[in-house]
*Asks:* 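Pasting a structure here, questions to come.
Basis for what follows: all heavy atoms, side chains included, without hydrogens, waters or symmetry-related copies. Just so we're on the same page: letters track the sequence lines, and every chain starts at 1.
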Amino acid sequence: QQKVQQSPESLIVPEGGMASLNCTFSDRNSQYFWWYRQHSGEGPKALMSIFSNGDKKEGRFTAHLNKASLYVSLHIKDSQPSDSALYFCAVGLSGSFNKLTFGAGTRLAVCP
Amino acid sequence: EAAVTQSPRNKVTVTGGNVTLSCRQTNSHNYMYWYRQDTGHGLRLIHYSYGAGNLQIGDVPDGYKATRTTQEDFFLLLELASPSQTSLYFCASSVGGGNYAEQFFGPGTRLTVL
């Protein structure tokens, strides 16, 4: 069964700093990778997806995927206090409808 | 943006009680999901559906039933609630079922089983 592990469990970065969140997965048939963000008291919201090896940039957010190494990461440049949230990595297998497997999350705090 | 609503937002029940959690989405999405969120486990899929009358089993289905009555409405039923089902429950929807489709989540229902 797919295992998705995130590190670190929690992270504190200064405002304007770089936050780096890591995610490893176990199934080599994994094809779809998502990052979701959850602010306190709200439901998770999709931040970005990445389906091909390499980097994908959306504004201050860059996702990196290396399927051979079973690794995906998220980097937040110029972190803002509003980025303080719980970040989930979610992984889906290729093929017909498959379920996303979520990691346990990384809690990010951005301090002014 | 896709709208997913859940009710109630908070619920307290006793062991052995019956609980129904409701979810409605108004964006004509085909797929709907029920998750539970627990510290240290992230989000775990309980049941999902790809249309009215359809039900698929997720990863942690024991103790839960679900029913999709319409395109918009998806219900989660706990017929004999246990303290282990104390959790934060989220409903989500997506236009497609492939993992390429973004899931839109509701605000959550916090359930406490005493």
Side-chain angles (χ1 to χ4, degrees), chain A residues 1-10 21-27 29-52 56 58 63 65 67 72 85-107, chain B residues 1-7 9-10 21 23-25 27 29-51 54-61 66 87-110:
Chain A
Q1 188 171 356
Q2 173 86 271
K3 284 182 170 44
V4 178
Q5 295 187 300
Q6 292 185 242
S7 63
E9 288 185 16
S10 62
L21 289 67
N22 306 303
C23 176
T24 60
F25 52 95
S26 62
D27 195 320
N29 290 318
S30 299
Q31 185 73 24
Y32 304 96
F33 304 87
W34 288 85
W35 286 97
Y36 280 79
R37 180 166 75 175
Q38 183 182 27
H39 286 109
S40 182
E42 298 179 5
K45 185 172 181 178
L47 196 57
M48 64 188 300
S49 62
I50 184 166
F51 302 152
S52 301
K56 181 180 180 181
E58 292 186 0
L65 174 62
K67 292 181 189 177
V72 60
L86 184 59
Y87 289 77
F88 291 109
C89 168
V91 181
L93 300 178
S94 62
S96 59
F97 179 86
N98 280 288
K99 307 175 287 280
L100 287 176
T101 301
F102 285 78
T106 291
R107 185 166 296 282
Chain B
E1 184 166 304
V4 181
T5 57
Q6 294 182 236
S7 62
R9 295 295 311 278
N10 289 281
L21 306 184
C23 176
R24 167 166 283 200
Q25 56 93 7
N27 290 277
H29 286 174
N30 293 322
Y31 286 80
M32 295 186 74
Y33 315 81
W34 277 107
Y35 291 90
R36 60 177 290 173
Q37 181 179 3
D38 304 285
T39 302
H41 292 278
L43 291 155
R44 292 181 290 176
L45 183 65
I46 303 170
H47 290 298
Y48 63 99
S49 165
Y50 54 74
N54 175 266
L55 182 64
Q56 302 294 319
I57 294 172
D59 295 324
V60 290
S87 187
L88 182 57
Y89 291 86
F90 286 102
C91 176
S93 71
S94 66
V95 64
N99 291 316
Y100 51 81
E102 178 181 351
Q103 293 187 23
F104 294 87
F105 285 81
T109 294
R110 185 167 295 281

*Asks:* So which residue, B/Q6, B/Q37, B/R44, ends up with the most heavy-atom pairs under 4.5 Å with chain A?
*Replies:* B/Q37
*Asks:* Might you confirm whether atom OH of B/Y50 has over 12 heavy atoms from other residues, nucleotides or ligands at distances under 6.0 Å?
*Replies:* no
*Asks:* If you look at every heavy atom in B/F90 and A/G43, which pair is closest and at what distance?
*Replies:* CE2-CA, 3.4 Å
*Asks:* Could you work out, with salt bridge (charged side-chain N to carboxylate O under 4.0 Å, His left out) as the rule, every residue matching A/K67, not counting sequence neighbours?
*Replies:* none
*Asks:* Which bit of B/A101 is near chain A, if near means a heavy-atom gap under 4.5 Å: side chain, backbone, both or neither?
*Replies:* backbone
*Asks:* Please find the pair of heavy atoms, one from A/A104 and one from B/G40, that lie closest to each other, and give the distance.
*Replies:* CB-O, 3.6 Å
*Asks:* Where does B/Q56 contact chain A at under 4.5 Å (heavy atoms): side chain, backbone, both or neither?
*Replies:* neither
*Asks:* If I take atom CG from residue A/L100 and atom CG from residue B/L43, how far apart are they, to the nearest 0.5 angstrom?
*Replies:* 10.0 Å
*Asks:* To the nearest 0.5 Å, what is the distance between OG1 on B/T39 and CZ on A/R107?
*Replies:* 8.0 Å
*Asks:* What distance do A/K45 atom NZ and B/E102 atom CD have between them, rounded to the nearest 0.5 Å?
*Replies:* 8.0 Å
*Asks:* Please look at A/Q31 and chain B and tell me whether the side chain, the backbone, both or neither of the residue comes under 4.5 angstrom of a heavy atom of that chain.
*Replies:* neither
*Asks:* Please enumerate all residues that pass salt bridge (charged side-chain N to carboxylate O under 4.0 Å, His left out) together with A/D27, with sequence neighbours excluded.
*Replies:* none
*Asks:* Identify which part of B/Y35 has an atom lying under 4.5 Å from any heavy atom of chain A, answering side chain, backbone, both or neither.
*Replies:* side chain
*Asks:* Can you tell which part of B/Y100 gets under 4.5 Å to a heavy atom of chain A, answering side chain, backbone, both or neither?
*Replies:* both
*Asks:* Judged by atom type as modelled, is there a donor-acceptor pair below 3.5 Å linking the side chain of A/Y36 to the main-chain atoms of B/Q103?
*Replies:* yes
